[in-house]
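The next block holds one structure in the form of structure tokens; read it before the comments.
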Amino acid sequence: MNFSNKIMNWYSKNKRNLPWRKTINPFHILISELMLQQTRVSHVVKYYSNFIQKFPTIEKVAESSEKNILKEWKGLGYYFRAKNLYNFAKLIYKKKFFPDRYHKLIKFKGIGPYTAAAVSSICFSEIVPAIDCNVVRVFSRYFGIHYDISKSLDRTNLSIMIKKIMDVKYPGLFNQAIMDLGATLCTFKKYQCFSCPINDFCFSKNNNVVDQFPKKNKKK
DNA sequence: AAAGCGGGGAG
DNA sequence: CTCCCAGCTTT
């Protein structure tokens, strides 16, 4: 089995049961990804279902007020995300066409490289890696990348590497599989290499240096 | 390249 | 207490 087969096989058996995984409605997926920016999954779960129940469609959001959107966001933090979501809904409501490619999505305020890749791969099967801190951690350990790849330029290089090994038929599932691996087994601390599906060719596991990755530049 | 933006959880 | 988490925008 190649890298992708191992990941996809593991994911099909071990994926977490999360509410936004029951749909490929692009607006719902976008809401989940906006909520998940720098926010833990367990925290988002409480808000996501509540939000889409109150605002199930783009129309409902667009016809609401910013104040009411913010009310649903209360406690989640990073409140500009809610404002960006509201502005996005109003724009799309007028255009009546949901942006279905990475290069279209990333033009909207609040949608960066990660979120554009997540939505376009999950909802529209675009072959583009979604790189969040889980993905950075997994691949910096797997490849043994000896420098800080959290910066934008280096993420472009990482993206090219991932594109070569990702599942081309189910890029959205592949992206989520890597993130799940980073969230459940390849965690920051207390990682569980013994049950990892890709531990055979993992650089840091084979060299016993998992705790040294990912590399971080010292700040301040 | 670095600050600012939130709140919560783990150690 | 510090660091981190399904990041992005602005300076």
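Quick note: numbers below take in every heavy atom, side chains included, and nothing from hydrogens, waters or symmetry partners. Naming: A, B, ... by sequence-line order, numbering from 1 per chain. Predicted model only: the values in this text are computed from it and were never measured.
For the pair A:K54 and A:F51, the NZ or CZ position fails the cation-pi test of under 6.0 Å to the six-membered ring centre and within 45 degrees of the ring normal.
Of the residues near DNA chain B, A:R81 and A:K46, the one whose nearest nucleotide (by heavy atom distance) lies more toward the 5' end is A:R81.
Distance noted for atom C1' between C:dC5 and B:dA1: 22 Å (whole Å). Comparing the same atom, C1', in C:dA6 and in B:dA3 gives a spacing of 22 Å after rounding to whole Å. A gap of 16 Å separates the P atoms of C:dT11 and B:dG6, to the nearest Å.
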inquiry  = At under 4.0 Å between heavy atoms, how does the protein contact nucleotides 5-11 of chain C? Give one character per nucleotide, 5' to 3', with B, S or -.
reply    = BBBSSS-
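Checked options A:F201, A:Y142, A:W10; the residue passing with A:F3 is A:Y142 (criterion: ring-ring contact (aromatic ring centres under 6.0 Å, His included)).
Nucleotide B:dA10 holds its P atom 13 Å from the NE2 atom of A:H43, rounded to whole Å. One interatomic measurement links the two molecules: NZ of A:K83 to P of B:dC5, which rounds to 12 Å at whole-angstrom precision. Residue A:Y191 contributes atom OH, which lies 16 Å from atom C1' of C:dC4 at whole-angstrom precision.
The main-chain N or O of A:S64 is found under 3.5 Å from a side-chain atom of A:Y86 such that the two form a donor-acceptor pair.
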task = Tell me, with the steps shown, if A:Q37 and A:Y114 meet side chain to side chain donor-acceptor pair (under 3.5 Å).
result = CA-CA 9 Å; A:Q37 289 172 3; A:Y114 165 75; over 6 Å; no
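Salt-bridge check for A:D211 with A:K189: failed, with every basic side-chain N at 4.0 Å or more from each acidic carboxylate O. Ion pairing of A:R21 with A:D180 is present here, as a side-chain N (NZ or NE/NH1/NH2) and a carboxylate O approach within less than 4.0 Å.
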